[in-house]
There are 2 protein chains.
Amino acid sequence: MTDIKKTLQKDVNDDALIKSMELMYFGYRDFIAWPDEVLEHYGLGRAHHRVLHFVGRIPGMAVAALLSLLKITKQSLSRVLKDLLEKKYITQKIGRRDRRQRLLYLTAKGVKLLDHITDHQKTHMKKACKEAGISSMNGFWNMLTALLDEHTKEDVINYVDKTHKE
Amino acid sequence: MTDIKKTLQKDVNDDALIKSMELMYFGYRDFIAWPDEVLEHYGLGRAHHRVLHFVGRIPGMAVAALLSLLKITKQSLSRVLKDLLEKKYITQKIGRRDRRQRLLYLTAKGVKLLDHITDHQKTHMKKACKEAGISSMNGFWNMLTALLDEHTKEDVINYVDKTHKE
DNA sequence: TTTTTTATGTCAGTCATATTGACATATTTT
DNA sequence: AAAATATGTCAATATGACTGACATAAAAAA
């Protein structure tokens, strides 16, 4: 009897875990991983969008901070950054305190582009928020926050800090 | 006065949207997109894991159903499937009703591998569930479900149906 | 001041996962 | 018999990541 109960309990937990894992996969895929006509139109990819997004959120961000936040390698970032610099969506300024640093800023053109390419994602997320109800937001945030690893948590804390200082 | 209130209201919403978008990115990345030593050890990638996972959930699944569920092209799937067939993690049986179909099943070896490679993800998700609290689960599921597009929803409904028939 | 560390950039080569379009085969449906 | 379907396969391509090595400039430490 105890064994059966235990097994059932275990199965219920397992189902919840599997449901969570699968929803993460499908939800993320449908939200972000689908080809974006706007990005395509500008000849940019999602990697470019991510850089634009975070530079937009933290103007004057150094390259190293971006690398840490995105957890990609210098080489991966550098190609993306090069494209964005060439196409004048982003500018670099040499750091005043530390002249080795290249501080990143969106140009007016970059801001415009970012707004454009982010737009349908915002719409998508807004629709989901309304559909799921405001009460679902906290659970959603709590779960996702709990999924972050320690390094990301630190970065995100610093990051939120900076966006609020502006 | 009204203008200011409106602007504030708009900003709050926007912040919530941006937070949701960013958490999706970071949460998904840290949950699933990090290099998995177990997968690497077997010379497999995440695409292989996904196939193993869904075939494990729906034994006897046809190739077309898998294509629809994963939303990838035949060519993408075929390479992954070829690897898994060669390495005997999966077997194909010709459909009895429709002899054109190749129905997919995990071998005992495949089941073992799947359990192994899924294990740390389950652990990760379980930890997050405990940390976020059971009450967060519903919001998490609601939001993710609301993010699915119509096609995925249909597939997931069919899918859940089939896993419960077993 | 010299040495070391840090912030950044860059080169060359590789990999995983996806794409498109065309075509082939077997089988079922009309 | 013709059309549609389920699957498989070819060649070529793209994106976004990786590693490892090396270079430069500037800051920090010795």
Side-chain angles (χ1 to χ4, degrees), chain A residues 25 28-30 32-53 55 60-86 90-104 117, chain B residues 25 28-30 32-53 55 60-86 90-104 117:
Chain A
Y25 166 65
Y28 182 82
R29 184 194 64 180
D30 285 358
I32 205 134
W34 99 73
D36 181 353
E37 320 101 46
V38 182
L39 284 170
E40 266 175 54
H41 176 262
Y42 288 97
L44 302 174
R46 283 189 293 279
H48 299 86
H49 181 201
R50 286 199 284 269
V51 169
L52 287 173
H53 174 87
V55 172
M61 190 177 210
V63 173
L66 198 48
L67 284 175
S68 172
L69 196 61
L70 296 176
K71 281 188 193 163
I72 56 174
T73 56
K74 252 190 309 181
Q75 296 73 8
S76 298
L77 179 57
S78 98
R79 254 172 310 112
V80 171
L81 218 43
K82 198 190 236 171
D83 291 342
L84 294 173
L85 287 165
E86 271 171 12
I90 275 186
T91 51
Q92 288 182 325
K93 287 185 196 169
I94 289 174
R96 275 169 302 173
R97 274 170 284 186
D98 185 338
R99 289 170 42 78
R100 290 171 304 181
Q101 290 184 321
R102 300 296 128 93
L103 307 182
L104 304 170
I117 62 184
Chain B
Y25 166 65
Y28 182 82
R29 183 194 66 181
D30 286 357
I32 205 136
W34 98 74
D36 181 354
E37 319 103 43
V38 183
L39 284 169
E40 267 177 52
H41 176 263
Y42 289 96
L44 302 174
R46 283 189 294 279
H48 299 86
H49 180 202
R50 285 199 284 269
V51 170
L52 286 173
H53 174 87
V55 172
M61 190 176 211
V63 172
L66 197 49
L67 284 174
S68 171
L69 196 61
L70 296 176
K71 281 188 194 164
I72 56 175
T73 56
K74 253 192 305 184
Q75 296 72 10
S76 298
L77 179 57
S78 97
R79 256 172 308 109
V80 171
L81 217 43
K82 199 191 234 169
D83 292 342
L84 294 173
L85 287 166
E86 271 171 13
I90 275 186
T91 50
Q92 287 182 326
K93 285 185 197 169
I94 289 175
R96 276 168 302 172
R97 273 171 285 186
D98 186 339
R99 288 169 44 77
R100 290 171 306 182
Q101 289 185 319
R102 300 297 127 92
L103 307 181
L104 304 171
I117 63 184

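The figures here come from the full heavy-atom set of this structure, side chains too, leaving out hydrogens, waters and symmetry mates. Treat the numbers as computed from the prediction; the structure is a model and nothing was measured.
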Measure across B:Arg96 and B:Arg99 and return the closest heavy-atom pair with its distance rounded to 0.1 Å.
-> O-CG, 4.4 Å
Round to a whole Å and report the spacing from CZ of A:Arg96 to P of D:dA26.
-> 17 Å
Within-4.5 Å side-chain heavy-atom neighbours: A:Leu81 and A:Leu104 = yes
Checking C:dT17, D:dA27, D:dC18 against the side chain of A:Arg99 (C-beta onward), the nearest is D:dA27
Just wondering, do A:Leu103 and A:Gln92 contact through their side chains at under 4.5 Å, heavy atoms?
-> no
Whole-Å distance, A:Lys71 NZ to D:dC18 P, equals 12 Å
Output for pair (A:Arg102 CZ, A:Leu85 CG), nearest 0.5 Å, gives 11.0 Å
Atom-to-atom span, CG of A:Asp83 to C1' of D:dT15 - whole angstrom = 12 Å
CE of B:Met61 to CD of B:Gln101, rounded to nearest 0.5 Å, is 11.5 Å
How many angstroms lie between atom CG of B:Leu84 and atom CG of B:Leu77, to the nearest 0.5 angstrom?
-> 9.0 Å
Expressed in angstrom and rounded to an integer, what is the separation of A:Leu70 atom CG from D:dC18 atom C1'?
-> 15 Å
Ring pair (Phe, Tyr, Trp, His ring centres under 6.0 Å) with B:Tyr28: which residues, sequence neighbours excluded?
-> A:Tyr28
Starting at CZ of A:Arg29 and ending at C1' of C:dT19, how long is that distance when rounded to a whole Å?
-> 16 Å
Would you mind reading off the distance between B:Tyr25 atom OH and D:dA17 atom C1', rounded to a whole angstrom?
-> 11 Å
Supply the atom-to-atom distance B:Arg46 CZ to B:Ile117 CD1, rounded to the nearest 0.5 angstrom.
-> 12.0 Å
Estimate the overall bend of the helix from C:dT1-D:dA30 to C:dT30-D:dA1 from the end axes over five pairs each, rounded to 10 degrees.
-> 20°
Which pair of non-hydrogen atoms, one from B:Gly45 and one from B:Leu39, has the smallest distance, and what is that distance?
-> O-CD2, 3.6 Å
Atom NE2 of B:His49 and atom P of C:dA16: how far apart are they, to the nearest Å?
-> 18 Å
With sequence neighbours left out, write down each residue that passes side-chain contact (heavy atoms from CB on, under 4.5 Å) with A:Arg29, or none if nothing qualifies.
-> A:Tyr25, A:Phe26, A:Ala33, B:Lys71, B:Thr152
Which pairs, protein N/O on one side and nucleotides 3-10 of chain D N/O on the other, fall under 3.5 Å?
unit_1, atom_1, unit_2, atom_2, d
D:dT5, O2, B:Arg100, NH1, 2.4
D:dT7, OP1, B:Val63, N, 3.3
D:dT7, OP1, B:Arg102, N, 3.4
D:dT7, OP2, B:Ala64, N, 2.6
D:dT7, O4, B:Lys74, NZ, 3.0
D:dG8, OP1, B:Gln92, NE2, 2.9
D:dG8, N7, B:Lys74, NZ, 3.2
D:dG8, O6, B:Lys74, NZ, 2.4
D:dT9, O4, B:Gln75, NE2, 2.7

Among all residues two or more places apart in sequence or in another chain, which pass the side chain to side chain donor-acceptor pair (under 3.5 Å) test with A:Ser76?
-> A:Thr73
Taking only side-chain nitrogens and oxygens of B:Arg50, does any of them come within less than 4.0 Å of OP1 or OP2 of C:dA18?
-> yes
Report the distance from atom CZ of B:Arg79 to atom CD of B:Gln75, rounding to the nearest 0.5 Å.
-> 8.5 Å
When the distance from CG of A:Leu77 to P of D:dA17 is rounded to whole Å, what number comes out?
-> 10 Å
Candidate nucleotides D:dA17, D:dG16, C:dT28, ranked by approach to the side chain of A:Arg46 - the nearest = D:dG16
N/O (side chain, A:Thr73) to phosphate O (OP1/OP2, D:dA17) under 4.0 Å = no
N/O-N/O pairs, protein side and nucleotides 13-15 of chain C side, under 3.5 Å:
none

